[in-house]
There are 4 protein chains.
Amino acid sequence: MPPRITRRSDAARTAILTAAVELVGEVGYGKSSIEAIAARAGVGKQTIYRWWPSKGSVLLDAYLDANVGGEPEDPQGLPNTGDLVADIKAVLRATVDELNDPRFERPLRALTVAVLEDESLAAEYSRRLDEPTRRLKKERLCAAQRQGQLSPEVDLDAVVDTLFAPVAQRWLLRSGPLTYEYTDHLVETVLTGLLWPRS
Amino acid sequence: MPPRITRRSDAARTAILTAAVELVGEVGYGKSSIEAIAARAGVGKQTIYRWWPSKGSVLLDAYLDANVGGEPEDPQGLPNTGDLVADIKAVLRATVDELNDPRFERPLRALTVAVLEDESLAAEYSRRLDEPTRRLKKERLCAAQRQGQLSPEVDLDAVVDTLFAPVAQRWLLRSGPLTYEYTDHLVETVLTGLLWPRS
Amino acid sequence: MPPRITRRSDAARTAILTAAVELVGEVGYGKSSIEAIAARAGVGKQTIYRWWPSKGSVLLDAYLDANVGGEPEDPQGLPNTGDLVADIKAVLRATVDELNDPRFERPLRALTVAVLEDESLAAEYSRRLDEPTRRLKKERLCAAQRQGQLSPEVDLDAVVDTLFAPVAQRWLLRSGPLTYEYTDHLVETVLTGLLWPRS
Amino acid sequence: MPPRITRRSDAARTAILTAAVELVGEVGYGKSSIEAIAARAGVGKQTIYRWWPSKGSVLLDAYLDANVGGEPEDPQGLPNTGDLVADIKAVLRATVDELNDPRFERPLRALTVAVLEDESLAAEYSRRLDEPTRRLKKERLCAAQRQGQLSPEVDLDAVVDTLFAPVAQRWLLRSGPLTYEYTDHLVETVLTGLLWPRS
DNA sequence: TTTTAAACGAGACGGTACGTCGCGTCTTTAT
DNA sequence: ATAAAGACGCGACGTACCGTCTCGTTTAAAA
């Protein structure tokens with residue numbers, strides 16, 4: 001490992017990410033400003049601009065720092081008790097809990113808004129957050145296929161979308177309450193098959 | 001119908017909505033400003049503030065004007081050829097076409113960003129755009145139930161979510177290309193049932 | 001007189017000029033900022049930038065407002081008691097008093113610094129401050145010529161420079177104390193002739 | 001002479017002074033920055049701050065280096081051909097030439113601005129530049145007194161001010177063109193006596 | 001010759017101010 | 001009476017420099 005060339009201050013980095021998450025949690029994405037983040041972090045604005053191209057980029061780093069912790073790529077996968085339906089329900093219930101907790105919800109919504117507005121941030125988001133998560137989900141589904149719980153022919157990407165996108169969408173657009181009932185019902189509907197009479 | 005009480009200038013209204021859509025289509029939501037909309041519309045800023053509470057509200061009106069045309073609630077429902085799978089595929093293909101057309105995509109994305117950031121706008125959006133659309137979709141699915149193509153027990157809301165949310169999500173987050181292949185595949189996966197061995 | 005086209009706020013204008021003079025008097029030209037002037041005046045920065053191109057320009061207007069009072073071009077000329085030497089001495093003593101009074105000295109020094117650095121401001125300064133003043137001085141000298149106290153052939157511009165520039169210079173560069181002794185002595189030296197034996 | 005205590009780099013010193021003069025000559029005093037000087041000199045900012053307290057101080061050193069060359073206090077005095085008027089005219093003509101040459105004018109103006117704004121720099125300027133120069137001028141005038149060309153009673157300081165301040169002032173404030181005509185005329189006016197009828 | 005302490009280049013840091021843009025309000029002018 | 005025009009107080013933008021503070025790296029004096 002070559003010696004670090006830059007003398008970046010980790011204290012400043014941490015203070016900025018923390019301040020960003022807090023601020024965005026308090027006043028929302030649109031009303032947060034880089035100026036306010038810097039002030040709350042006790043940092044010069046330039047220190048933010050030096051290392052991040054945009055407010056959204058700060059939020060992405062903050063989210064990654066908070067949710068992945070460190071270097072090791074998220075090691076633990078989705079639960080596998082042998083019961084696919086129960087496991088997916090549990091995962092979605094956990095998601096519901098998070099999305100109903102303002103401490104998580106506000107920054108995540110802010111990050112999402114940023115991603116919607118900024119194509120290049122969307123790419124980074126995809127690469128660093130969406131894809132790793134999707135991979136874990138597919139791994140769980142793949143295990144279910146191997147265990148004979150899921151048709152081996154089904155497209156796992158489509159299944160993942162089908163299970164998780166409705167929740168994300170309902171949350172994002174606030175088109176309805178996010179409850180265990182909703183997600184449980186969704187899982188049952190999706191995983192039970194829909195056409196009738198069954199071919 | 002009672003005579004209009006306000007002397008609201010329809011010319012100004014139209015100019016503002018047009019300018020808003022154009023501007024947002026050119027520079028995106030975040031970089032658009034009420035100031036610029038007013039300038040482009042040849043209108044005083046106050047004329048905008050008089051009638052709309054926010055930029056997002058202007059966009060919502062603009063979208064409704066453009067896509068519904070006028071007062072009468074969108075009368076035509078989804079196509080019904082008797083083949084549910086084909087009809088849904090056609091609807092999603094049309095959606096894909098729209099979302100891939102920058103003239104529609106940019107303002108719609110802008111509107112969505114506005115909705116994400118503004119809870120009260122989200123409510124209005126839900127009422128005036130999301131719910132009417134959802135009603136049409138459910139009507140088509142309900143017809144399929146009556147025709148014996150779909151289990152009578154299935155929750156139509158869940159089916160609608162399952163079919164349309166993945167597309168919306170993929171579009172919003174740009175997590176993948178929006179193609180006919182994707183939507184066709186999605187419809188087949190969702191409507192064919194997933195568990196194996198079946199029940 | 002045509003009706004005013006702009007709706008400029010006189011309250012803001014006055015507040016800005018006052019704040020500028022005060023601030024410059026307290027911390028000096030270099031350490032004054034437009035930001036601080038605006039803050040002290042209770043005014044938005046843009047209101048300064050809208051009407052003045054630079055800090056120095058504000059100071060010039062402030063100086064003119066303070067020292068000329070209003071529209072009528074400074075009507076009173078230099079004193080004329082019939083005794084040229086005494087009159088010039090009195091004028092220079094008054095100048096000394098002003099330049100030794102921090103309330104006048106600091107803003108005037110600030111203005112001068114601004115003029116030195118900005119060619120176009122120098123032109124305006126010349127036109128609006130220097131030339132009117134010089135005209136008054138020359139009028140007094142011209143009267144002396146008509147009264148036979150001064151050679152009719154002498155170049156009045158040169159005499160004005162000779163009498164006033166040394167004081168200005170000593171003040172500007174702080175190359176010595178500004179006292180009545182100095183100015184009295186200067187007037188005597190200049191107006192008495194220097195060559196010896198005379199012509 | 002004790003050995004140098006500090007290991008100051010003469011290469012750096014020279015590079016800094018050169019860069020300062022060049023930069024100030026190109027963009028003016030106000031728009032020059034220590035940062036830019038350091039960059040142009042290929043030097044760390046700290047190396048400037050280590051040895052000079054301010055931008056103006058650098059300029060003063062640069063001016064002294066350029067115009068005095070080295071340690072020995074400017075040995076050559078003003079010309080003395082025996083004709084005072086001609087000699088002073090020649091000196092002023094040389095001054096005019098310098099002040100009309102942008103390569104000298106810009107840095108000198110910058111230095112002057114710095115001196116106006118900084119009282120302690122003014123003191124140093126006085127001691128190291130103004131006074132030595134003034135001494136030379138007075139020596140020439142003193143010689144004229146000894147030669148019977150100038151009244152023995154006249155105050156030489158006043159005469160120096162009277163002859164040189166008008167030129168400096170006209171240059172500084174750009175209140176008129178700097179020409180040989182002006183300076184020649186000035187010398188004649190000053191040195192010929194002004195009162196009439198001559199006492 | 002080797003050591004060693006300074007001065008060096010580089011540049012990150014917490015800040016201040018820049019000059020611009022846009023906010024939402026308010027006032028004036030001209031239909 | 002209503003609309004365009006746009007000035008206003010305000011706040012944030014992203015940039016430029018401030019002066020201070022580490023960082024390794026010369027480099028020249030002392031050992």
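Quick note on labels: first sequence line is chain A, next is B, and so on, each numbered from 1.
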R8(A) CZ to dG24(F) P, straight-line distance once rounded to whole Å: 17 Å
Salt bridge (charged side-chain N to carboxylate O under 4.0 Å, His left out): pairs with one or both residues in residues 10-27 of chain A, sequence neighbours excluded: R13(A)-D61(A), R13(A)-D65(A), E22(A)-R40(A), E26(A)-R40(A)
Minimum heavy-atom distance between A110(C) and V24(C), given as atom pair plus value: CB-CG1, 3.4 Å
Counterpart residues, side-chain contact (heavy atoms from CB on, under 4.5 Å), relative to A15(B) (two or more places apart): A41(B)
Sequence neighbours excluded - salt bridge (charged side-chain N to carboxylate O under 4.0 Å, His left out) pairs with any residue from residues 29-38 of chain B: E35(B)-K45(B)
Separation of atom CG in L23(B) from atom C1' in dG22(E), rounded to whole Å: 13 Å
Whether over 12 other heavy atoms sit under 6.0 Å from R103(B) CZ: no
Residues in contact with DNA chain E, drawn from residues 32-57 of chain A - heavy-atom cutoff 4.0 Å: G42(A), V43(A), G44(A), K45(A), Q46(A), T47(A), R50(A), W51(A)
Salt bridge (charged side-chain N to carboxylate O under 4.0 Å, His left out), paired with R174(D), selected from E119(C), E124(C), E117(C): E119(C)
Difference in axis direction between the ends of the helix from dT1(E)-dA31(F) to dT31(E)-dA1(F), five pairs, 10°: 20°
side-chain contact (heavy atoms from CB on, under 4.5 Å) against V58(D), all qualifying residues, sequence neighbours excluded: I16(D), L17(D), A20(D), I48(D), W52(D)
Non-hydrogen atoms of T47(A) and V43(A) that approach each other most closely: CB-CG1, 3.8 Å
Separation of dC8(F) C1' from R13(C) CZ (nearest whole Å): 17 Å
